[in-house]
Amino acid sequence: RSSQPLTGPNRKRCREDETLLGTVVDEGERGFIIDTRSAQAAKQARMTGGGTEPKSSYPQWRRLHRPLERGRPLQESFIKLVEACNDTSINMDRWLSRLESCRWLSHVKAALSTACLAAQCMDREEASVLVHGAEGTDTTLLVTALAQVILDPSCRTLAGFQGLLEREWIEAGHPFHLRCAHSAYSHARLKQEAPLFLLFLDCVWQLSRQFPFSLEFGERLLLTLFDNAYASTYGTFLCNNEKERCLCKVKESTHSLWAWLNQPGEKKKYLNPLYSHNALVIWPSVEPQSIQLWQGLFFRWIRASQYLDEAWAEIQRLVEGS
Amino acid sequence: VENVRLLDRLSSRKAALGTLYLTATHVIFVENVSETRKETWVLHSQISSIEKQATTATGCPLLIRCKNFQVIQLVIPQERDCHDVYISLIRLARPVKYEELYCFSFNPKLDKEEREQGWKLVDLNEEYNRMGIPNNYWQISDVNRDYGICDSYPTEVYVPKSATAHIIVGSSKFRSRRRFPALSYYCKDNNASICRSSQPLSGFSARCLEDEQMLQAIRKANPGSDFIYVVDTRPKLNAMANRAAGKGYENEDNYSNIKFQFIGIENIHVMRNSLQKMLEVCELKSPSMSDFLWGLENSGWLKHIKAIMDAGIFIAKAVAEEGVSVLVHCSDGWDRTAQVCSVASLLLDPYYRTMKGFMVLIEKDWVSFGHKFNHRYGNLDGDPKEISPVIDQFIECVWQLMEQFPCAFEFNERFLIHIQHHIYSCQFGNFLCNSQKERQELKIQERTYSLWAHLWKNRADYLNPLYRSDHSQTQGTLHPQMAPCNFLYKFWSGMYNRFEKGLHPRQSVTDYLMAVKEETQQLEEELEVLGERLANLQKSQLNYNKVKSKQQDRSKQLGLSTSNNSLANTPQEYSNDLKSFPSRSPSQGDEEDSALILTQDNLKSSDPDLSANSDQESGVEDLSCRSPSGGGCLPSEDSGKDSDEAVFLA
């Protein structure tokens, strides 16, 4: 992953960048660049100093555009969805179109599809992949993190998933402080706020539903991560990047969420009783029928969870053979 | 016909080459791949429509749509052959006589005694006894013993004690199709009941003393309440329109102590169109989220499901919480009435949530009360306007409830899917004809077999591992969440996309948990045996330790025996832009793709009984991975081969 190349309107070149990318692909091999902006948007970025990797300078790389929503529009999508979920006046005959108008599920589908594409490049084409959007801090991380959950069984363990979050979201510099400021109910619509991390968690939830045995953790972990990204007793999701965290002395002055989660007493609440190591790649279906609204999150305070909790307790009981 | 191709719906490039056979009862496609020779069997009774599509360079496409939502696309090389197949299938799929149906030739190799026993498995008299009838308020009446009063009712009906034969006969003359008010469900805890009938022939002002007395009798049979609800499940407009035709609904002024209520559920034509629209959405190639949600909403399907459920909830509440009896009707009292009464019963009484109880429920409210199976599901070729997915909707209501209450039902989703399958398959005689009278005339019980016996024999496949009869969810009435609850209604892809393997979670939680349960049980039994020996022997310590470590190893063992590790699944087409990967040429990929994919599918999904033996159950798809505790029919193919399964080629 990276951010966009600063090609600019004059099609600047950078030997070092070309060399760097050259080290990733061997002689005669090809690589894929997945640009999370539309071809149009990427082209327009040149006017403000950004752009794309020109074919002539990067001959071994094939560029694919998979536009993913980010920024304000994504936050609006989130806000609209939450409003729709809380609206008790909607009749059944208008519920689905209202759901559709929020576009959230379309974003989930797009994110999963793009991550699968990246995964296919690696797994089937055995090619390296470079992912970037504009800044490299939002949709880029969504794709790289999700692709790893799909490809790599070790990222599906509790410890591995935590490691993935540390690497691909926290250390990679997703600006949590800006992105996870006020969530969906606030009237102050901040310019920099956007629920990319939630979108990632939603995609992981979709995977857990389609592969109920393949993730070592369950929905509860995902909900806890969602909570802590926005407001936390722990310092893990503070600030916007490593530099800020250093300046704020986060490591010295706060406790780590992982340390708490990994305590034996806590940890078992987050484990999936059905988990069984699956060494294979998990390829989700991204057909609309396969993508569901994450009720556990969006109807968390609205639906009666008692019966489902009882079901999970029963599953736990069966698996532990009491 | 040879060299026929069977296309995959999601990826038209994944085609299997094989031979097509037409028999008296089935269409069979056998793949050429010699190791597997995977077979696809389709019963003629399942065929809903056949479409001949435009001939292309590759051949003549034939699209077969089935009533169990399987869609088969064949490409037949010669136009002449295609036409022959088409004409034959049209005739075969539209039988004219009952004797043409599969149930009359199906032979499960049981003797006469076993066949009889199979039919006795569900006994409605026993059921009414279980409810506590006959008693002081309700009795059995043989007034319809020769179907003389109502030919679509059973010979034995349950009526209030104070309803004399005179009242019953009089009331029947005032009801559409003579379907007078009769008992569907009685709650012995509070004497409230659910009765059902058809619409009264009231027109604008007609009255009938006996019919009014009938309703009073129902009221009096429940001393705990001084009124009854009369629920008309039609939209008000429709009911009112019926008045112009001399029918209509009960006027509160004429019938003392009734509270009248409309709960608008649309008619069979609306429902038929709704399903049609929903299936069109299912057939879209690579729909966007938008296409899907709009299409689904446009069909109105989930709205109708919710309407039926809401009606059931209203009635269940009236009975359980208010202790008030309810009389339910629609127009003829054999469609919406059946749906609503059976949903209400399911909510009220945990017995109907057991496997046996569910069979009894269907026998009671659908079979005995004269739901027109033949007309609705097209056993025989008939009026297409009579076709409607009425029982399908009820079955879906059950599934929706199972999703909301995962511990409350003794049976699982597969049970529901197989029942739906067999309602259309005509492999068993339970759902033939339009009434008990017709079935008796055809001597169904002597000439065919009962589905219930078949399902009961295989009940291990249909159990819900989360069900415990002592669980709180299995006691008493179910209370589905009321508004907001739109979101609780999900699209049932297990049913409507049943045959699209790529859509479903590959790993069946149900089957895994059943396997766990079985093994636990076995180990517990072993433990008991050992425990007994323990008490007898002096060398206790050594043995006990052995047992303990076995328990700890169990979870590891189970992980292996369910083999979910070796479930290689294949990626679908993630890019609509097929030019993404020009690195592999189509010819390089295709043949291998098909072979491998279908190999997996064959091992996972085909019913192991599906050899070329037409005596056995055919084409009943078992999507979920079977994991019997001893290991099973799961593929052990090498996952490393998945590099051949690319489907993203230009």
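Naming: A, B, ... by sequence-line order, numbering from 1 per chain.
At most 12 non-hydrogen atoms from other residues, nucleotides or ligands lie less than 6.0 angstrom from CE of A:M122. Heavy atoms from other residues, nucleotides or ligands lying under 6.0 Å from NZ of A:K55 number more than 12.
Atom NZ in A:K109 sits 8.0 Å away from atom CE in B:M289 (nearest 0.5 Å). Summarising the geometry, atom CD belonging to A:E100 is positioned 12.0 Å from atom CG belonging to B:L296; distances are rounded to the nearest 0.5 Å. Expressed to the nearest 0.5 Å, how far CZ of B:F405 lies from CD of A:Q306 amounts to 8.5 Å. Note: A:D93 CG to B:K306 NZ = 9.5 Å, rounded to the nearest 0.5 Å. Rounded to the nearest 0.5 angstrom, A:L274 CG and B:L513 CG are separated by 5.5 Å.
Results of the side chain to side chain contact (heavy atoms under 4.5 Å, CB included) test with B:S493 over A:Q292, A:Q289, A:E287 single out A:Q289 as the only residue that passes.
Highest contact tally toward chain B, considering only A:E310, A:Q210, A:R103, A:R94, is held by A:E310 [criterion: heavy-atom pairs under 4.5 Å]. Interface summary for chain B: among A:N91, A:I291, A:V286, the most heavy-atom pairs under 4.5 angstrom belong to A:V286. Ranked by heavy-atom pairs under 4.5 Å with chain A, the first of B:C485, B:P406, B:S290, B:C407 is B:S290. Among the candidates A:C85, A:S97, A:S290, the residue making the largest number of heavy-atom pairs closer than 4.5 Å to chain B is A:S97. Considering only heavy-atom pairs separated by less than 4.5 Å from chain B, the leading option among A:S214, A:S113, A:C116, A:S106 is A:C116. Ranked by heavy-atom pairs shorter than 4.5 Å toward chain A, the options B:D291, B:L302, B:V281, B:L466 are led by B:L466.
Proximity to chain B involves both the backbone and the side chain of A:R303, based on heavy atoms less than 4.5 angstrom apart. Only the side chain of A:Q295 has a heavy atom closer than 4.5 Å to any heavy atom of chain B. Contact annotation for A:D87: neither backbone nor side-chain heavy atoms come within less than 4.5 Å of a heavy atom of chain B. Neither the backbone nor the side chain of A:P153 comes within contact range of chain B, judged by heavy atoms closer than 4.5 Å. With a 4.5 angstrom heavy-atom cutoff, A:L112 does not touch chain B via any of its atoms. Of the two parts of B:H471, only the side chain, counted from C-beta on, holds a non-hydrogen atom closer than 4.5 Å to a non-hydrogen atom of chain A. Only the backbone of B:S288 comes within less than 4.5 Å of a heavy atom of chain A; no side-chain atom from C-beta onward does.
B:F487 and A:F299 have parallel rings, their planes meeting at less than 30° on a 0 to 90° scale where 60° marks the start of perpendicular.
Every pair tested for salt bridge (Lys or Arg N to Asp or Glu O under 4.0 Å) that includes a residue from residues 292-302 of chain B fails, sequence neighbours excluded, so the list is empty.
Closest approach of A:V319 to B:Y512, counting heavy atoms only: CG2-CE2, 4.4 Å. Contact record, B:G502 with A:S285: O-CB, 3.4 Å, taken as the closest heavy-atom pair. Annotation for A:I90 and B:N486: closest pair O-ND2, 2.8 Å, computed over non-hydrogen atoms. Across all non-hydrogen atoms, the minimal contact from A:L318 to B:V516 is O-CG1, 3.3 Å.
For the pair B:Q404 (side chain) and A:Y307 (backbone), a donor-acceptor distance under 3.5 Å is absent.
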